[in-house]
Engineer: 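This is the structure, below, for whatever I ask next.
Ligands are counted one by one from 1 in listed order, and the atoms in each one are counted from 1 as well. Since the structure is predicted, the reported quantities are computational estimates derived from the model, not experimental observations.
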Amino acid sequence: MTSPESVLPLYDLVVDVIIVGAGFGGCYALHEMRRQGYTAKILEAGGDFGGVWHFNRYPGVRVDSETPLYQLSLSNVTDSFNFTERFPDGEELRRYFDHLNDTLDLRKDAIFNTKVSGVHYDQVKTTWSFSTDSGLCATSRYAIFASGSTNKAFIPNFSGIERFTGPIIHPSVWPEDLDITGKKIGIIGQGASGIQILQTLAKQDCKITVFIRNPCTAIPMGQRVIPTKESEGLKNLYDTIFTRAKYGSPVGTAYNRCKVSYHDLSEEERNKLYEKLWKRGGYAFLSSNLPEYIVNKQANADVYDFWVNKVRARMADPVKRDIVAPLQQFQWIGTKRPSLEMDYYEMIDRPNVSLVNLKSTPIKEFTNGGITTVDGKAHKLDIVIVATGYDSVTGSLYDMNITDKEGVSLRKKWQDGIKTYLGMMVPGLPNAFFLYGPQAPTSLANGPPFLELQVEWVTAFLKKMKSDKLKAVEVSNEAAEEWGQASLKVFNILLNRETPSWWNGANIPGKRREPLIWHGGIPAWWQECSNALADWSKFTVSK
Ligand SMILES: Cc1cc2nc3c(=O)[nH]c(=O)nc-3n(C[C@H](O)[C@H](O)[C@H](O)COP(=O)(O)OP(=O)(O)OC[C@H]3O[C@@H](n4cnc5c(N)ncnc54)[C@H](O)[C@@H]3O)c2cc1C
Ligand SMILES: *[C@@H]1O[C@H](CO)[C@@H](O)[C@H](O)[C@H]1NC(C)=O
Ligand SMILES: *[C@@H]1O[C@H](CO)[C@@H](O)[C@H](O)[C@H]1NC(C)=O
Ligand SMILES: *[C@@H]1O[C@H](CO)[C@@H](O)[C@H](O)[C@H]1NC(C)=O
Ligand SMILES: *[C@@H]1O[C@H](CO)[C@@H](O)[C@H](O)[C@H]1NC(C)=O
Ligand SMILES: *[C@@H]1O[C@H](CO)[C@@H](O)[C@H](O)[C@H]1NC(C)=O
Ligand SMILES: *[C@@H]1O[C@H](CO)[C@@H](O)[C@H](O)[C@H]1NC(C)=O
């Protein structure tokens, strides 16, 4: 006799495509898949659309990509939305995602508060199955992992951290009701989130101690309000701007490319160029700069000197100045995420913000009332903000427990090095696609235009599969091997190879050091993407 359980459907949800993640990548993938006539559902751990912009609600949270390029280029969506700032804040981005939901009618195919905890491939049925922490099980022919690169928070294992009696807060889980009034606040880390938090909190009634190991070579943002009339006028140029960002820029932006070489210019002419770009604000200072600075140490030192003088001129405290902008170059500029700032250096300079240099006095331990550094100094604190980043790019992919057709986990498969083709497919994982993942332009690119390219490639891939009547396609080992080598080769040309950073796994103890991201720019990557679909020679196909 069959038990009642055995006649229940094995899966709660059966669709053509399961998409993990409801950020830019997942939302666009859902829209495209439905347009192609597939049934598709998003599974999302969080409670709403937005990805990192849903989670990150810390004071001062803001994107460093310039309007209008931090959005999808779908005209139905752009027509009816105005960004109000050159660099939109978190709240505006959440408003944008609400608008995306409304315009594209995304909600009916998104399942929230559902974290994927296991993903397996059935070779006989050629389907993917997903188990989740909410108990929901799903199965699909195709899998799209749009799980982002910065969703696994990393907090170093500080000695005694469990003894601290106050809140310890990672920026991605900022409590809505946190009251900082009159409090002694410690901020550890001065990367992208750390500097935004500092420049915001320093204006409020609190006492701040900043613990800093590696300063950020931050560049002025040049923030300004965009009047709605201007925003509307800019829409006339969207086709040009977006086309340029997607197909004509290494990093998915529309900035001018420098047409002269470092060696063509005198020192005076070079300084004039730096000055001009600096004044404009934003990443143009790097993207439109003399191209040699990312490969040539002299050219890089030149840009650093310009930067260091600009920043030091904004500060009065000589000790702080030497910590956040040392005359002696400590890092090749532009080889670690160079964040944008508004008045960060003025805020650090305030007498009521104190700075602890972790290079000379590392943290010894947390106590119940603060942090003690190795020089024996006890810093009394009520709240500690750990702006210490993420186990980026691979962290949340590993946690999802994806296994290949032989049952081998992704973590195991990649223990001796990440192996992907184009950062989008992995040998042993047929019909599965990765967005914003390792060995693609990912965090080196402006997100949305790059993600559009990735989704468009997946769409073209599925169309080709359909017209060739294929059931399953898997990338070959050789193709992945070659792509991994190409990725390493281009990384080794750049000064980035000498800079430990989260772009190469250096921020996580025990993590393998390798370029997590394709450093060769979007056009070279896209060229290979387009070539890949000329025939199936890089793949193993089954009818
Ligand atoms: C503070 C901050 C600032 C940034 N600034 C910029 C910038 O200036 N310019 C820029 O281009 N990019 C920036 N980024 C990068 C940003 O992540 C990308 O631009 C873009 O959001 C990537 O979109 P995505 O959809 O690929 O991933 P995400 O936005 O990361 O979304 C992925 C989603 O997948 C979900 N997910 C992950 N694992 C699971 C699981 N197991 N089960 C279910 N759901 C899961 C997550 O909850 C998340 O909602 C920034 C990121 C952060 C954190
Ligand atoms: C998305 O839009 C629908 C209506 O189209 C609305 O009911 C819903 O609240 C919106 N947001 C989310 C997160 O579902
Ligand atoms: C844009 O919206 C209109 C009206 O709702 C709809 O008919 C059209 O299909 C949409 N276009 C795209 C590309 O989604
Ligand atoms: C955007 O701005 C234009 C010009 O002011 C206005 O006509 C339009 O209604 C605005 N759109 C939204 C969604 O606010
Ligand atoms: C992945 O699997 C391990 C071991 O089975 C489990 O401990 C872990 O919780 C799983 N990951 C998630 C995100 O559930
Ligand atoms: C964290 O540090 C403590 C000692 O300070 C050690 O016992 C523990 O194993 C460490 N944990 C990890 C995950 O490294
Ligand atoms: C520091 O002082 C400024 C100016 O006096 C004040 O506005 C600000 O709130 C103070 N900030 C901190 C962190 O104490």
Side-chain angles (χ1 to χ4, degrees), residues 19-29 42-58 60-66 69-70 78-84 87-88 90 93-95 97-108 110-119 130 132-134 145-153 171-172 191-194 196-197 221 226-233 235 251-253 282-283 337 339-340 387 389-390 392 395-402 434-437 441-451 454-455:
I19 300 161
V20 182
F24 274 105
C27 290
Y28 189 53
I42 287 178
L43 305 180
E44 164 61 52
D48 206 337
F49 296 104
V52 296
W53 305 107
H54 167 67
F55 291 101
N56 283 273
R57 293 166 189 242
Y58 58 82
V61 57
R62 185 175 296 290
V63 74
D64 285 345
S65 294
E66 185 159 351
L69 277 170
Y70 200 69
T78 59
D79 279 354
S80 44
F81 192 86
N82 296 316
F83 282 99
T84 64
F87 298 94
L93 286 163
R94 290 204 299 277
R95 193 167 65 81
F97 273 95
D98 281 346
H99 173 67
L100 203 59
N101 168 37
D102 288 344
T103 320
L104 303 180
D105 194 15
L106 298 176
R107 183 64 184 99
K108 63 173 190 271
I111 300 167
F112 292 112
N113 304 308
T114 299
K115 185 165 192 170
V116 174
S117 52
V119 186
F130 300 77
T132 69
D133 69 348
S134 69
F145 299 102
S147 45
S149 68
T150 47
N151 290 296
K152 184 181 183 178
S172 59
S193 309
Q196 291 184 335
I197 291 168
M221 176 171 262
I226 300 182
T228 46
K229 265 200 181 136
E230 182 184 333
S231 153
E232 202 58 22
K235 289 177 187 173
V251 290
T253 63
Y283 284 135
R337 193 177 189 278
S339 303
L340 303 183
Y390 297 88
S392 39
S396 29
L397 281 178
Y398 291 155
D399 278 0
M400 218 186 298
N401 291 327
I402 304 169
F434 293 79
L435 306 184
Y436 213 74
T442 305
S443 339
L444 281 168
N446 172 41
F450 159 65
L451 280 160
Q454 290 204 306
V455 171

Engineer: Examine ligand 1 and decide if any of its atoms is less than 4.0 Å from a heavy atom belonging to Phe55.
Structural biologist: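 Heavy atoms of Phe55 do come under 4.0 Å of ligand 1.
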Engineer: Over all heavy atoms of both residues, which pair between Gly282 and Phe87 is shortest? Give the atoms and the distance, please.
Structural biologist: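 Distance-wise, the nearest heavy atoms are CA-CZ, 4.1 Å.
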Engineer: Do the side chain of Ser392 and the main chain of Thr150 share a donor and acceptor less than 3.5 angstrom apart?
Structural biologist: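 No; zero donor-acceptor contacts below 3.5 Å.
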Engineer: Can you check atom 9 (O) of ligand 4: any protein non-hydrogen atom closer than 4.0 Å?
Structural biologist: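 It does not; no protein heavy atom is within 4.0 Å.
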Engineer: Can you name the atoms of ligand 2, numbered from 1 with element, that are less than 4.0 Å from a heavy atom of Asp48?
Structural biologist: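 Those of ligand 2 that fall under 4.0 Å from Asp48 are 13 (C).
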Engineer: Search all heavy atoms of Val63 against all heavy atoms of Met221 and return the closest pair with its distance.
Structural biologist: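 So the minimum-distance heavy-atom pair works out to O-CE, 3.8 Å.
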Engineer: Can you figure out which of Ser149, Gly25, Ser134 has its heavy atom closest to atom 24 (P) of ligand 1?
Structural biologist: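 Among Ser149, Gly25, Ser134, the closest heavy atom to atom 24 (P) of ligand 1 belongs to Gly25.
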Engineer: Using a 4.0 Å heavy-atom cut-off, say whether Leu451 meets ligand 1 through its side chain, its backbone, both or neither.
Structural biologist: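 The answer is the side chain.
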Engineer: Taking only heavy atoms of Asp64, which atoms of ligand 1 are found under 4.0 Å from at least one of them?
Structural biologist: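 Answer, ordered by atom number: 7 (C), 8 (O).
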Engineer: Please report whether ligand 1 has a polar contact with Val63, defined as an N or O pair separated by less than 3.5 Å (distance criterion only).
Structural biologist: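 No: no nitrogen or oxygen of Val63 is under 3.5 Å from one in ligand 1.
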Engineer: Are Val61 and Trp53 side-chain neighbours, meaning at least one heavy-atom pair lies under 4.5 Å?
Structural biologist: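 Yes, side chains in contact.
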Engineer: Atom OG in Ser147, atom CG in Leu43: separation rounded to 0.5 Å?
Structural biologist: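 Here the interatomic distance stands at 11.5 Å.
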Engineer: Any atoms of ligand 1 less than 4.0 Å from a non-hydrogen atom of Gly51? List them with their elements.
Structural biologist: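 Under 4.0 Å from Gly51, ligand 1 has these atoms: 28 (P), 29 (O), 31 (O), 48 (C), 49 (O).
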Engineer: When you measure from atom 12 (N) of ligand 1 to each heavy atom in Phe130, Tyr70, Tyr58, which option holds the nearest one?
Structural biologist: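 Considering heavy atoms of Phe130, Tyr70, Tyr58, the nearest to atom 12 (N) of ligand 1 sits in Tyr70.
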Engineer: Under 3.5 Å between any N/O of Arg107 and any N/O of ligand 2: does that happen in this structure?
Structural biologist: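 Yes, there is a polar N/O contact under 3.5 Å.
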Engineer: For ligand 1, note which part of Leu43 has a heavy atom under 4.0 Å away: side chain, backbone, both or neither.
Structural biologist: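 Looking at Leu43 and ligand 1, just backbone atoms fall under 4.0 Å.
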Engineer: Give yes if a backbone or side-chain nitrogen or oxygen of Asn56 is under 3.5 Å from a nitrogen or oxygen of ligand 1, and no if not.
Structural biologist: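 No, there is no polar N/O contact under 3.5 Å.
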Engineer: Under 4.0 Å, counting heavy atoms only: does Arg337 come that close to any atom of ligand 1?
Structural biologist: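 Heavy atoms of Arg337 do come under 4.0 Å of ligand 1.
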Engineer: With heavy-atom distances below 4.0 Å as the criterion, list the atoms of ligand 1 near Ser147.
Structural biologist: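 What qualifies from ligand 1 is 32 (C), 34 (O), 37 (C), 38 (N).
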Engineer: Can you list the atoms of ligand 4 that are under 4.0 Å from a heavy atom of Asn82?
Structural biologist: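 Those atoms are 1 (C), 2 (O), 3 (C), 8 (C), 10 (C), 11 (N), 12 (C), 14 (O).
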Engineer: Considering only heavy atoms of Met400, which atoms of ligand 1 have at least one such atom less than 4.0 Å away?
Structural biologist: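 Heavy-atom distances to Met400 below 4.0 Å select 41 (N).
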Engineer: Can you tell which of Tyr436, Tyr28, Phe49, Tyr283 gets a heavy atom nearest to atom 15 (C) of ligand 1?
Structural biologist: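 It is Tyr436 that holds the nearest heavy atom.
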Engineer: Compute the centroid of each ring, for Phe24 and then for Tyr436, and state whether the two points are separated by less than 6.0 Å.
Structural biologist: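 Not close enough - the centres of the two rings lie 6.0 Å or further apart.
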Engineer: What part of Asp102, side chain from CB on, backbone N/CA/C/O, both or neither, has a heavy atom under 4.0 Å from ligand 2?
Structural biologist: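 The answer is the side chain.
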Engineer: Is there any N or O on Lys235 that sits under 3.5 Å from an N or O of ligand 4?
Structural biologist: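 N/O-N/O distance under 3.5 Å: no.
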Engineer: Do Asn101 and ligand 2 have an N or O pair less than 3.5 Å apart?
Structural biologist: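 Yes, since at least one N or O of Asn101 sits under 3.5 Å from an N or O of ligand 2.
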Engineer: Do you see a donor-acceptor pair shorter than 3.5 Å between the side chains of Gln196 and Tyr58?
Structural biologist: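 Yes - a donor-acceptor pair under 3.5 Å links their side chains.
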Engineer: Among Pro171, Ala146, Ala387, which residue places a heavy atom closest to atom 32 (C) of ligand 1?
Structural biologist: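 The nearest heavy atom belongs to Ala146.
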Engineer: Has Arg94 got a side-chain atom pairing as donor or acceptor with Phe97's backbone, closer than 3.5 angstrom?
Structural biologist: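 No: the side chain of Arg94 does not pair with the backbone of Phe97.
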Engineer: Write out the residue and atom name of the closest protein heavy atom to atom 13 (C) of ligand 4, then the distance separating them to 0.1 Å.
Structural biologist: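 Going by distance alone, atom 13 (C) of ligand 4 is nearest to Ser80 O, 3.1 Å.
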Engineer: Do any non-hydrogen protein atoms sit less than 4.0 Å from atom 2 (O) of ligand 4?
Structural biologist: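 Given the 4.0 Å cut-off, atom 2 (O) of ligand 4 counts as touching protein heavy atoms.
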Engineer: Rounded to the nearest 0.5 Å, how far apart are CZ of Phe83 and CG of Leu93?
Structural biologist: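 These two atoms lie 6.0 Å from each other.
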Engineer: For the pair Asn446 (side chain) and Ser65 (backbone), establish whether a donor and an acceptor sit closer than 3.5 Å, ignoring hydrogens and angles.
Structural biologist: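 Checked: no pair found.
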Engineer: Between the side chain of Thr103 and the main-chain N/O of His99, is any donor-acceptor distance below 3.5 Å?
Structural biologist: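 Yes, the answer is positive, given that a donor and an acceptor are paired below the 3.5 Å cut-off.
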Engineer: Between Asn82 (side chain only) and Thr228 (backbone N and O only), is there a donor and an acceptor less than 3.5 Å apart?
Structural biologist: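 Absent.
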Engineer: For ligand 1, note which part of Thr150 has a heavy atom under 4.0 Å away: side chain, backbone, both or neither.
Structural biologist: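 The part of Thr150 near ligand 1 is the side chain, not the backbone.
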Engineer: Identify the two heavy atoms, one from Pro449 and one from Leu69, that lie closest to each other, and give their separation to 0.1 Å.
Structural biologist: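 Smallest interatomic distance, heavy atoms only, reads CD-O, 3.6 Å.
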Engineer: Under 3.5 Å, is there a donor-acceptor pair between the side chain of Glu44 and the main chain of Ala22?
Structural biologist: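 Checking the backbone N and O of Ala22 against the side chain of Glu44, a donor-acceptor pair under 3.5 Å is found.
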Engineer: At a 4.0 Å threshold, what atoms of ligand 1 neighbour a non-hydrogen atom of Ser65?
Structural biologist: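 Those qualifying, in numeric order: 7 (C), 8 (O), 9 (N), 10 (C), 11 (O).
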Engineer: Look at atom 48 (C) of ligand 1 and find which of Glu44, Lys115, Lys152 reaches it with the closest heavy atom.
Structural biologist: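 Minimum heavy-atom distance to atom 48 (C) of ligand 1 goes to Glu44.
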Engineer: Of all the heavy-atom pairs spanning Gly191 and Ser339, show the shortest one and how long it is.
Structural biologist: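 It is C-OG, 4.3 Å.
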Engineer: Return yes or no for this condition: an N or O of Leu435 is under 3.5 Å from an N or O of ligand 1.
Structural biologist: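 In fact, backbone or side chain, Leu435 has no N or O that close.
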Engineer: Can you sort out which atoms of ligand 1 are near Val20, meaning under 4.0 Å from one of its heavy atoms?
Structural biologist: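 Every atom of ligand 1 under 4.0 Å from some heavy atom of Val20: 39 (C), 40 (C), 42 (N), 43 (C), 44 (N), 45 (C).
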Engineer: Could you tell me if any non-hydrogen atom of Thr132 lies under 4.0 Å from any atom of ligand 1?
Structural biologist: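 Judged by the 4.0 Å heavy-atom criterion, Thr132 does not count as contacting ligand 1.
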Engineer: Taking the side chain as every heavy atom from C-beta outward, state whether Lys115 and Ser134 have any atom pair closer than 4.5 Å.
Structural biologist: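 Sidechains of Ser134 and Lys115: no contact.
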Engineer: Using 0.5 Å steps for rounding, measure from the CG atom of Asp133 to the CG atom of Asn113.
Structural biologist: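 Answer rounded to 0.5 Å: 9.0 Å.
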Engineer: Can you tell if the side chain of Tyr283 reaches within under 4.5 Å of the side chain of Glu66, non-hydrogen atoms only?
Structural biologist: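 Side-chain contact under 4.5 Å: no.
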Engineer: Which atoms of ligand 1 sit under 4.0 Å from any heavy atom of Asn446?
Structural biologist: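 Per the distance check, 11 (O).
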Engineer: Considering both backbone and side-chain atoms of Gly447, is one of its nitrogen or oxygen atoms within less than 3.5 Å of a nitrogen or oxygen in ligand 1?
Structural biologist: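 Among all N and O atoms of Gly447, at least one is under 3.5 Å from an N or O of ligand 1.
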Engineer: Mark up the atoms of ligand 1 that fall under 4.0 Å of a heavy atom belonging to Ala445, in ascending order.
Structural biologist: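 Once the distances to Ala445 are compared, the set is 11 (O).
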